[in-house]
Protein chains: 4
Amino acid sequence: MLDAAVSVFGRRGYMAASMDEIAELAGVSKPLVYLYLNSKDDLFSACVDREARALTEAVRAGVRPGLSADGQLWSGLRAFFTHTARHPDAWRVLHLHARTHGERFAAEVAAMREEIVAFVTQLIAAAARDAHRDPHLAEGEVAGLAEALVGAAESLADWAGATEGVTAKQAAATLMNFAWAGLGDLMAGRPWSAPEEPGPEEPGPGEPGQEEPAPVAERAPQEEPSSVVQAAG
Amino acid sequence: MLDAAVSVFGRRGYMAASMDEIAELAGVSKPLVYLYLNSKDDLFSACVDREARALTEAVRAGVRPGLSADGQLWSGLRAFFTHTARHPDAWRVLHLHARTHGERFAAEVAAMREEIVAFVTQLIAAAARDAHRDPHLAEGEVAGLAEALVGAAESLADWAGATEGVTAKQAAATLMNFAWAGLGDLMAGRPWSAPEEPGPEEPGPGEPGQEEPAPVAERAPQEEPSSVVQAAG
Amino acid sequence: MLDAAVSVFGRRGYMAASMDEIAELAGVSKPLVYLYLNSKDDLFSACVDREARALTEAVRAGVRPGLSADGQLWSGLRAFFTHTARHPDAWRVLHLHARTHGERFAAEVAAMREEIVAFVTQLIAAAARDAHRDPHLAEGEVAGLAEALVGAAESLADWAGATEGVTAKQAAATLMNFAWAGLGDLMAGRPWSAPEEPGPEEPGPGEPGQEEPAPVAERAPQEEPSSVVQAAG
Amino acid sequence: MLDAAVSVFGRRGYMAASMDEIAELAGVSKPLVYLYLNSKDDLFSACVDREARALTEAVRAGVRPGLSADGQLWSGLRAFFTHTARHPDAWRVLHLHARTHGERFAAEVAAMREEIVAFVTQLIAAAARDAHRDPHLAEGEVAGLAEALVGAAESLADWAGATEGVTAKQAAATLMNFAWAGLGDLMAGRPWSAPEEPGPEEPGPGEPGQEEPAPVAERAPQEEPSSVVQAAG
DNA sequence: TATGAATGAGAGTTCATTCAT
DNA sequence: CATGAATGAACTCTCATTCAT
């Protein structure tokens with residue numbers, strides 16, 4: 001029943017979603033929805049709750065704890081993009097709709113986001129520690145960079161979710177290049193490269209361990225450029 | 001009249017905005033709104049149109065044509081963040097609401113976004129040409145990076161708009177560091193530094209010449225860390 | 001529009017009355033009802049207000065100020081029964097329905113009732129003064145008797161309104177006998193008799209000045225006794 | 001189960017009472033209510049039936065058969081006010097709610113009322129016979145007076161039920177004074193006095209023998225006069 | 001027998017939209 | 001040109017009522 005609600009909310013938004021449509025999609029009657037979840041607000045809140053939990057859980061499960069900072073970020077991003085790609089409506093609910101309807105929902109999303117930002121902040125701080133250059137990165141700066149990184153990831157999730165032919169791994173690679181190496185290094189021919197790891201999601205032989213000479217996602221040829229743009233919007 | 005509509009749409013969203021409130025805020029009667037703009041859809045479309053045009057125009061006007069690639073990007077970002085900060089309702093309409101209500105509005109936003117992405121793509125390609133390392137950056141790769149950059153900029157615009165004490169310049173600096181130097185260089189103590197230029201937006205004496213020792217945006221001291229997370233959400 | 005509301009509320013009661021039926025009876029659409037009167041509660045309140053005012057006004061206008069105490073009571077009762085007989089739905093709203101739906105409406109009815117009780121209290125006190133027997137009637141006693149008299153009048157209004165063939169004058173005469181002379185005097189053959197006055201409501205020659213040898217209302221022959229009982233219930 | 005129904009109906013009214021609340025208060029499940037009593041209408045009808053029977057039975061049992069007419073009336077009124085005071089929800093069901101929802105319920109209440117009115121009619125006729133003044137009271141007149149007396153009693157029951165500090169005996173005394181002696185006699189200092197009898201309901205020592213010097217009910221001192229009016233409404 | 005689970009029908013309320021003026 | 005006045009349609013939510021067990 002929550003599945004139906006997430007689907008309708010994700011496609012229509014909170015206000016445009018009608019309880020009739022949700023009930024019909026769930027295959028039950030409207031009063032039943034009200035029996036289990038008291039109101040439209042509560043229903044939406046339950047959706048946001050569940051999906052926020054699911055997303056953070058997916059990211060947490062995707063991170064390889066023993067790896068280096070960039071390795072952990074890489075694995076976390078892959079899990080993040082994989083989850084958002086698999087649950088596009090849920091992602092729309094969280095990222096598009098929950099933030100526009102009252103403090104209540106915004107707070108729920110904020111709690112989820114905080115967890116992810118905190119994780120990223122830790123990674124950056126750890127990397128800075130490893131580089132022994134702490135003085136150059138004050139605590140506030142690290143937080144700012146984490147914000148930027150998470151924001152970029154969110155936008156790329158929108159883009160990847162709406163663009164055909166972009167896999168989660170490609171999105172993650174694009175972001176790692178962009179964020180870790182930086183455009184400057186890319187210009188200079190110094191892309192970031194993924195750490196050695198057995199591919200956990202697709203462990204089959206079809207995936208070569210060294211697939212990263214193309215560090216930036218190579219998208220499928222686009223006959224219709226507007227769709228790309230639109231998708232990324 | 002459109003001003004009123006943008007304000008109400010930006011604050012309430014498409015569905016929750018009522019024609020009554022728009023007409024009242026505009027100081028005219030409701031039938032007059034329908035006389036000039038045929039329907040709520042058309043009114044919203046006109047808002048999106050106008051604001052998309054205004055934003056692209058602002059960015060275009062802010063770019064210093066003669067500068068280097070990163071200089072142009074820097075000036076463009078400053079113009080972008082300045083505009084979104086000055087017109088928060090317009091930015092909410094474009095980035096939050098227009099994408100959630102039908103292909104029609106999404107397409108209008110897409111057209112705007114395409115222009116900006118194309119501009120960024122040109123800059124990256126030019127920079128790559130200058131570095132003589134073209135082979136490393138295929139066309140698709142450049143487009144992907146441009147997407148990531150624009151996405152990061154959009155997220156930062158949301159964040160700056162919701163966080164007190166973050167100026168447009170600080171947001172732009174944060175993003176330039178993040179995007180151009182990359183986290184890797186930042187770790188290594190090699191931040192990106194802004195090119196020499198007379199500050200165009202705030203040329204007054206209120207701007208100290210030595211503003212760049214803090215390469216990452218120095219945000220206002222935050223006693224309440226949760227507000228940061230929430231604001232950035 | 002209020003007429004329709006009073007009619008429907010009077011016949012159905014507050015809860016059972018539907019805004020649809022009220023709007024249809026008023027010959028307008030439902031949103032128009034909500035435009036003028038904000039909610040069902042407000043609509044009901046407006047009805048109660050108007051009818052309470054109308055009833056008190058009718059009683060006030062019916063009282064002959066120069067008469068003796070029983071003469072004033074007699075004229076007031078005639079006006080009261082005339083009004084309730086002419087506006088049965090309004091009377092049902094006030095006496096039956098308004099008292100069962102929340103303090104708000106009960107208070108409005110109470111204000112009206114207080115006016116009438118105060119008037120009756122004055123009359124009884126005046127009569128007691130004239131009889132020079134003040135010590136026997138304390139203030140609280142007078143108020144209690146006024147309550148009883150008004151209560152009896154209300155019940156008789158229900159009865160008269162639902163029983164065919166009972167005129168307002170007959171109801172008033174019944175109550176005057178009952179209240180003023182008392183059953184004891186009636187047993188002893190000492191009925192109360194109406195003071196001399198030109199009949200104001202029905203001034204035609206069809207009404208003899210001395211019509212009161214039958215002091216108690218003679219009802220029409222009742223083929224169906226249950227209806228009488230029901231009406232008086 | 002009927003107890004719960006009477007309680008909820010009495011407090012909420014027919015329409016506002018929900019079967020859910022009734023079933024919950026009765027401690028059973030809703031389908032069980034429907035098993036025993038087919039519908040909400042039938043349930044309400046059963047309540048009205050039972051309570052009407054209970055009230056008439058209480059009055060019948062309270063009357064002392066051997067007494068004089070006014071003595072019987074006095075004892076009957078005391079039983080009546082005692083019962084309504086002890087079962088306020090039942091009284092509300094009968095007097096307030098049953099009359100507002102369809103002929104069916106009104107007829108059930110009417111049957112009860114007819115019995116009481118018939119009893120009172122007999123009393124008045126008997127008293128008239130004793131006084132040897134039959135010609136002055138035709139049958140219709142007696143019935144009218146009985147209606148007025150019963151109506152006054154009903155109103156006083158409402159008033160006593162809503163006013164703190166008014167006992168059944170006080171209400172009965174007020175009504176006997178009002179009805180039997182009449183205002184005229186009261187003005188002249190000739191109140192009705194209760195016949196000699198051992199107090200049946202409260203025979204304990206809590207009842208002083210000298211309770212009749214105040215012929216009219218002495219209500220509790222009322223600092224707030226509006227509450228009296230409202231309560232009596 | 002007794003009930004958890006489910007629903008059809010209808011309630012009050014709102015809003016984009018349109019005439020007559 | 002501009003609007004006061006009005007409405008059709010749709011919304012969220014409730015409740016008496018009934019199956020399957």
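All values derive from a computational prediction rather than experimental measurement. Numbers restart at 1 for each chain; the letters A, B, ... are given by sequence-line order, proteins then strands.
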Could you check which of dC11(F), dA16(E), dT14(F) has an atom nearest any side-chain atom of Ser18(A)? dC11(F)
Aromatic rings His95(D) and Trp91(D): how do their planes relate, parallel, tilted or perpendicular, breaks at 30° and 60°? parallel
Donor-acceptor pair under 3.5 Å: do we get one between Lys30(D)'s side chain and the base of dT17(F)? yes
Rounded off to whole Å, could you give me the CE-to-C1' distance for the Met1(A) and dA6(E) pair? 11 Å
Provide, to the nearest angstrom, the distance between the CG atom belonging to Leu35(A) and the P atom belonging to dG8(E). 15 Å
Flag the pair Asp158(D) and Arg92(D) as a salt bridge only when some basic side-chain nitrogen lies within less than 4.0 angstrom of an acidic carboxylate oxygen. no
Nearest nucleotide by nearest heavy atom, which residue falls closer to the 5' end of DNA chain F, Ala17(A) or Asp20(D)? Ala17(A)
For this output row, return yes or no: ring centroids of Tyr14(D) and His101(D) closer than 6.0 angstrom. yes
Quick one: are Arg11(B) and Glu21(B) in side-chain contact, heavy atoms under 4.5 Å? yes
For Glu21(C) and dG12(E), what is the distance between atoms CD and P respectively, to the nearest whole Å? 10 Å
Electrostatic pair Arg12(B):Asp89(B) at N-O distance under 4.0 angstrom: no
Starting from P on dA2(E), measure out to CG on Leu37(D) and report it in whole angstrom. 14 Å
Whichever of Ala16(D) and Tyr34(A) has the more 5' nearest nucleotide on DNA chain F, that residue is Tyr34(A)
Quick note, Lys40(C) side chain, CB onward, closest among dC13(F), dG12(E), dG8(E) is dG12(E)
In whole angstroms, how far is the C1' atom of dC15(F) from the OH atom of Tyr14(D)? 12 Å
By nearest nucleotide on DNA chain E, pick out whichever of Ser39(C) and Gly27(A) is the more 5' one. Gly27(A)
Per atom distances to the Tyr36(A) side chain, the nearest of dA6(E), dT7(F), dT17(F) is dA6(E)
Among dT13(E), dT3(F), dT12(F), the one nearest any side-chain atom of Leu32(B) is dT3(F)
With a 3.5 Å limit on both atom pairs, tell me what dA20(E) is paired to, counting Watson-Crick and G-U wobble, or say none. dT3(F)
Distance check needed: dC15(E) C1' versus Phe44(B) CZ, whole Å only. 17 Å
Can you tell me how far P of dT12(F) sits from CE of Met19(C), to the nearest Å? 20 Å
Assuming nearest nucleotide by heavy-atom distance, tell me which of Met15(C) and Ser29(A) is located more 5' along DNA chain E. Ser29(A)
What is the distance, rounded to the nearest whole Å, between atom CD of Glu24(C) and atom C1' of dA11(E)? 16 Å
